[in-house]
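The structure appears below as structure tokens.
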Amino acid sequence: MNTTAANHPATPVRAIHPLLEAPIAPTLLRFALPNMGAMLATALAAIAETTYVGSFGVASLAGMALVFPMVMFQMMLSGGAMGGGVSSAVSRALGAGDAARASALAAHAMWIGLVAGAATTALMLGFGPALFALLGGSGEALAQAVAYSNVAFLGSIGVWLLNTFASVIRGSGNMAVPSATFLTVALAQVAIGGALGLGWGPFPRWGMAGVAAGQVVAYGCGAVFLFAYLRSGSSRIRLSVRTVVQGELLRDILKVGALACISPLQTVLTILILTRLVARFGTNALAGYGIGTRLEFLLVPIAFAIGVASVPLVGMAIGAGRIARARRAAWVAAAMATALLGLIGGVLAFAPDVWTTQFTHDPAVIASAALYFRWAGPAYGLFGLGLCLYFSSLGAGKVGGPVLAGTLRLVLVAVGGWLLANAHAPAWTIFALVAFAMAAYGIASVVAVRLADWGVER
């Protein structure tokens, strides 16, 4: 008999999370596909909204072009940037084998979402009209933008909480529940927005305000559902609202999420600068550009579907000290995003009317949107490359490099746009600048990730 073994029982072996051993490419596909289905449903909801708005006239389309960047900014902040910080912290905790810490992080994420949502509502209700006027909005276009904005941003807490709870669940490696929730939310948004905006059946016709109300109701209900799911015990992470707030846990989320928030700010500032430049060519040009940039904003959720699938793989590998595996997951995800967005951009560069005629048949608006796609479309692949590497970097907790790549894009657009405006350059030069800045962003992101220190292999 081995008395040494009897007197000194073996130290319990920490359970290894399945994602630390799963094959990378098949797992990314398994995670990305449900995400992509949900994000495509969200994209279809945005398309439906634009179709509803298009039926109100060119002034309403121009108004949507003014307010839509801020709507998407909120989505990118809550779902991509801060949401990525939440998923990163949760997945790193699980990779290190600390489930209790992961649950506590979920509660801290909820409080961050509540505060951020309330602040968004206050800022947009107070300063939204002035912002839209600063962007060049006036007359009926400005009035339509304000009508949409004043309702849409009343529901900011629901948007922030839905994206926050979904990020917690994704960080645990569960993509199915958030994806099914977003699919249902998108369908509800289309139905409610159409009913209240266009006055279907017994419902009143509220125009732009009614279309915005669809988002408010749908996202609010989705947030309530995910809250109940996290509280029910069905999730791998149990949310406790009585968790004592700890500064160290807040910092774990914010050190990634707060820095990551710079990236969507850069994206929106880039679009706002370009919107202001295009506005000088008139309402038709602005409406056409708004249709074009709406697709660019919808490319973000597609890249998000792949990028967010990499976050738990990268984050858990980092938490377990498996740096080489984390980097492999990042590059495989980036290749997938580049291929998909490159395909979309190539199609639209040659057949822009496939997208544009869904929203308008005004010849001047169609021509403006087509000009945008012929220049920007070929650069979409590199744009997707940069976006996906941004999400993978969130998982690693090292997002500084991709943020600097976004800064490069913003500087190119700001300086280049100023020079072109002073030279009274034609509209096509603005769209060429868009393509050049996207390409620079993708290439700079690759360099940044290759040079970043993700830790030491253990």
Side-chain angles (χ1 to χ4, degrees), residues 12 14-17 19-20 77-120 157 160-174 226-227 230-231 233 235-265 308 310-323 326 390-403 452-458:
R14 187 184 69 196
I16 297 176
H17 195 285
L19 288 188
L20 290 172
L77 280 178
S78 57
M82 193 61 71
V86 170
S87 291
S88 174
V90 168
S91 63
R92 283 184 280 112
L94 291 175
D98 195 341
R101 180 182 178 86
S103 294
L105 285 165
H108 286 69
M110 178 186 68
W111 294 116
I112 291 172
L114 281 168
V115 172
T120 302
I157 288 178
W160 272 89
L161 287 181
L162 175 61
N163 281 312
T164 297
F165 292 147
S167 297
V168 169
I169 298 168
R170 291 189 186 108
S172 72
N174 181 347
L226 288 187
F227 175 78
L230 285 167
R231 293 277 292 160
S235 171
R236 295 172 185 169
I237 295 177
R238 180 70 179 266
L239 176 64
S240 173
V241 296
R242 296 182 179 180
T243 300
V244 177
V245 175
Q246 301 176 44
E248 189 271 332
L249 294 180
L250 287 175
R251 285 192 295 272
D252 195 13
I253 296 172
L254 294 175
K255 71 180 181 182
V256 177
L259 180 60
C261 285
I262 298 173
S263 183
L265 176 61
V308 79
S310 74
V311 171
L313 282 171
V314 172
M316 290 186 189
I318 293 291
R322 300 179 61 178
I323 310 304
Y390 162 75
F391 285 110
S392 295
S393 297
L394 285 172
K398 301 288 185 178
V399 77
V403 168
D453 179 9
W454 280 13
V456 179
E457 188 82 14
R458 297 199 303 271

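We use all heavy atoms of the structure for the numbers below, so side chains are in, but hydrogens, waters and symmetry mates are not. These numbers come from a predicted model, not from an experiment.
- Residues L94 and A99 share a closest heavy-atom pair of CD2-CA, 4.1 Å.
- In this structure, the side chains of I112 and T164 stay at 4.5 Å or more apart for every pair of heavy atoms.
- Residue A260 comes nearest to Y390 through the heavy atom pair O-OH, 3.0 Å, listed as atom of the first residue, atom of the second, then distance.
- Taken to the nearest 0.5 Å, the CD atom of Q246 stands 10.0 Å off from the CZ atom of R251.
- With rounding to the nearest 0.5 angstrom, the OG atom of S393 is 11.0 Å from the NZ atom of K398.
- Annotation: side chain of S87 is not in contact with side chain of F391 (no heavy-atom distance under 4.5 Å).
- Residue A326 comes nearest to I318 through the heavy atom pair CB-CD1, 3.8 Å, listed as atom of the first residue, atom of the second, then distance.
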Checklist entry - Do I157 and L114 pass the side-chain contact (heavy atoms from CB on, under 4.5 Å) test, and can you show the C-alpha distance, the side-chain angles, and the key distance before you say yes or no? => result CA-CA 6 Å; I157 288 178; L114 281 168; 3.9 Å; yes
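- When atom types are taken as modelled, the side chain of R231 and the backbone of R238 share no donor-acceptor pair closer than 3.5 angstrom.
- To the nearest 0.5 Å, atoms OG (S167) and CG (L105) are separated by 13.0 Å.
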Checklist entry - When you look at I253 and M82, which way does the side-chain contact (heavy atoms from CB on, under 4.5 Å) test go after all the steps? => result CA-CA 8 Å; I253 296 172; M82 193 61 71; 4.2 Å; yes
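- For the residue pair G397 and S88, the shortest heavy atom distance occurs at N-OG, 3.9 Å.
- Looking at W160 and T120, their side chains come closer than 4.5 Å, going by heavy atoms from C-beta outward.
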Next on the checklist: V256 vs R92, test: side-chain contact (heavy atoms from CB on, under 4.5 Å). Steps then yes/no.
Outcome noted: CA-CA 12 Å; V256 177; R92 283 184 280 112; 3.9 Å; yes
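- Of all non-hydrogen atoms in P264 and A81, the two that sit nearest each other are CG-CB, 3.9 Å.
- Under the 4.5 Å side-chain criterion, counting only non-hydrogen atoms from C-beta, R101 is in contact with D252.
- For the atom pair CZ of R170 and CG of N163, the computed distance is 7.0 Å after rounding to the nearest 0.5 Å.
- A distance of 11.5 Å separates OG of S240 from CG of L230, quoted to the nearest 0.5 Å.
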Checklist entry - Does the pair N174 and S235 meet the rule for a side-chain contact (heavy atoms from CB on, under 4.5 Å), with working shown? => result CA-CA 9 Å; N174 181 347; S235 171; 5.8 Å; no
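- Across L249 and A104, no two heavy atoms sit closer than the pair CD1-CB, 3.6 Å.
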